[in-house]
Amino acid sequence: MNADDNALAAVGVDAEDERIYRDLLRRPRATLPELAAHTGRTTVALRRACSRLEALGLVSRMAGRPVRWVPTRPDVAVAALISRREEGLAQARLAALALLAETPRTENQAPEELVEVVQGQAAVVQRFTQLQQTATEELLVLDRPPYAQDPAQQNVAEMERLAHGLLVRGIYDASALEIPGKLRLAQEAAAAGEQARVSPEVPMKLAIADRRTAILPLSTDASAYADSAVIVHSSTLLDALVTLFEVLWRSALPLPVKPSAAVSSPAELPDPELFTLLAAGLKDESVARQLGVSLRTVHRRVSELMDLLGARTRFQAGLLAARRGWWGADS
């Protein structure tokens, strides 16, 4: 069976009924005996399936005899099913809040319920995705390697939440931007609305949703980094994690964007691409690979750029450049 044979499972259509709907799309106005001849199903089975499809709004019954079924246009029918499903999810979310309100306060704040341990990489990824999807006001993220998911793939869930107006603030460890393609993905997220900064000292991975729930790795061992995580709910521990984020945020630099739009004159910044990579905190070896030049050439260009800025260290160069407005700072 083709993977697309049950493409409508997410909106409540089972695989067998979907195949019948597809048959009707290819043979609109077919009678049940005609469908039976083409599909090898009995007319009784087809009648029951068409009744289920009718209840979902995917087909309608024509007047007259013999009975014929007309499929609804897929874009219209599926959009209606999605809307119905979203309404159901919204009602379930409200019901969950109502159930929480019914929970005795002492149970709500029991110490053993303030921290959860999640085991297994798939479970960790699922809880992180869930955290992003349930955030309604703000998502705070510390981003550093290693990763449970492919770092060369964009975080689709975050991009969707940004499109819906969620405030996302992220601090990238400079080592994360050493990964091929990671800087580009971070810049894409920033262009979509993420407030992004870079720091040379991000101590761990962390995500905090609405300052009510956080997820962070349980282990600092790189080999087991993504295999377990801790979920922290509202508590003084969570308050401490929020404070840690804010301290790092104040000392981090804005994620560099392509500087050509921010620099008033090309002569003011002789090597924009090198500056972008330098400001992101990439090491010289990574800069050389991304620019396709020798390490000696990078050393020379970095030295020239630092002389231009009057900087003693690379981080100071980034700080001075940010103060000059050589890339767009966030709020």
Side-chain angles (χ1 to χ4, degrees), residues 124-125 128-129 131-132 135 138-162 166-209 214-217 220 222 225-226 229 241-259 262 272-287 289-291 313-322 326-331:
V124 172
V125 172
F128 174 65
T129 302
L131 193 79
Q132 292 181 98
E138 180 184 50
L139 185 67
L140 309 177
V141 180
L142 298 182
D143 185 304
R144 60 162 297 147
Y147 296 97
Q149 296 173 291
D150 184 359
Q153 297 293 323
Q154 186 58 273
N155 185 337
V156 177
E158 179 188 334
M159 298 295 277
E160 291 176 349
R161 302 299 290 128
L162 285 168
L166 181 69
L167 172 62
V168 180
R169 287 195 286 154
I171 306 175
Y172 294 86
D173 189 85
S175 64
L177 303 181
E178 301 272 353
I179 299 172
K182 182 67 175 177
L183 175 59
R184 174 182 56 81
L185 294 177
Q187 290 172 330
E188 288 177 0
E194 176 184 290
Q195 295 182 17
R197 295 189 178 185
V198 184
S199 171
E201 298 177 346
V202 174
M204 61 189 175
K205 296 173 72 69
L206 173 68
I208 305 173
I215 183 171
L216 64 155
T220 57
Y225 205 66
L241 293 174
V242 172
T243 300
L244 170 64
F245 179 90
E246 296 295 353
V247 169
L248 291 171
W249 180 260
R250 287 193 291 272
S251 63
L253 294 175
L255 178 79
V257 297
K258 296 296 183 184
E273 192 171 7
L274 170 67
F275 173 74
T276 299
L277 299 174
L278 176 65
L282 272 66
K283 296 177 182 176
D284 290 351
E285 293 80 0
S286 295
V287 172
R289 283 196 300 272
Q290 298 213 28
L291 294 181
T313 66
R314 295 164 62 106
F315 189 76
Q316 185 184 27
L319 184 61
L320 291 171
W326 278 10
W327 72 75
D330 51 18
S331 59

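In what follows, every heavy atom counts, from backbone to side chain, and hydrogens, waters and symmetry copies are set aside.
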Spatial distance of atom [atom1] ([X]) from atom [atom2] ([Y]) [nearest 0.5 Å]:
| X | Y | atom1 | atom2 | answer |
| --- | --- | --- | --- | --- |
| F245 | I208 | CZ | CD1 | 7.5 Å |
| E201 | R144 | CD | CZ | 10.5 Å |
| L166 | E160 | CG | CD | 12.0 Å |
| I171 | L253 | CD1 | CG | 11.0 Å |
| R184 | I179 | CZ | CD1 | 13.0 Å |
| L255 | L183 | CG | CG | 6.0 Å |

Using every non-hydrogen atom in the two residues, find where [X] and [Y] come nearest and quote the distance to one decimal.
| X | Y | result |
| --- | --- | --- |
| Q132 | A157 | NE2-CB, 3.8 Å |
| L241 | M204 | CD2-CE, 3.8 Å |
| A229 | I215 | CB-CG1, 4.0 Å |
| A186 | L177 | CB-CD2, 4.3 Å |
| A252 | R197 | CB-CB, 3.6 Å |
| G170 | W249 | O-CZ3, 3.7 Å |

Q154 side-chain N/O to L185 backbone N/O, donor-acceptor pair under 3.5 Å: yes
Heavy-atom check, side chain of P203 versus side chain of L248, under 4.5 Å: yes
Cation over ring face, K182 and Y147, 6.0 Å, 45°: yes
Electrostatic pair E194:R161 at N-O distance under 4.0 angstrom: no
Note: E285-R289 ion pair, threshold 4.0 Å (strictly below): no
Within 6.0 angstrom of E188 CD, more than 12 heavy atoms from elsewhere: yes
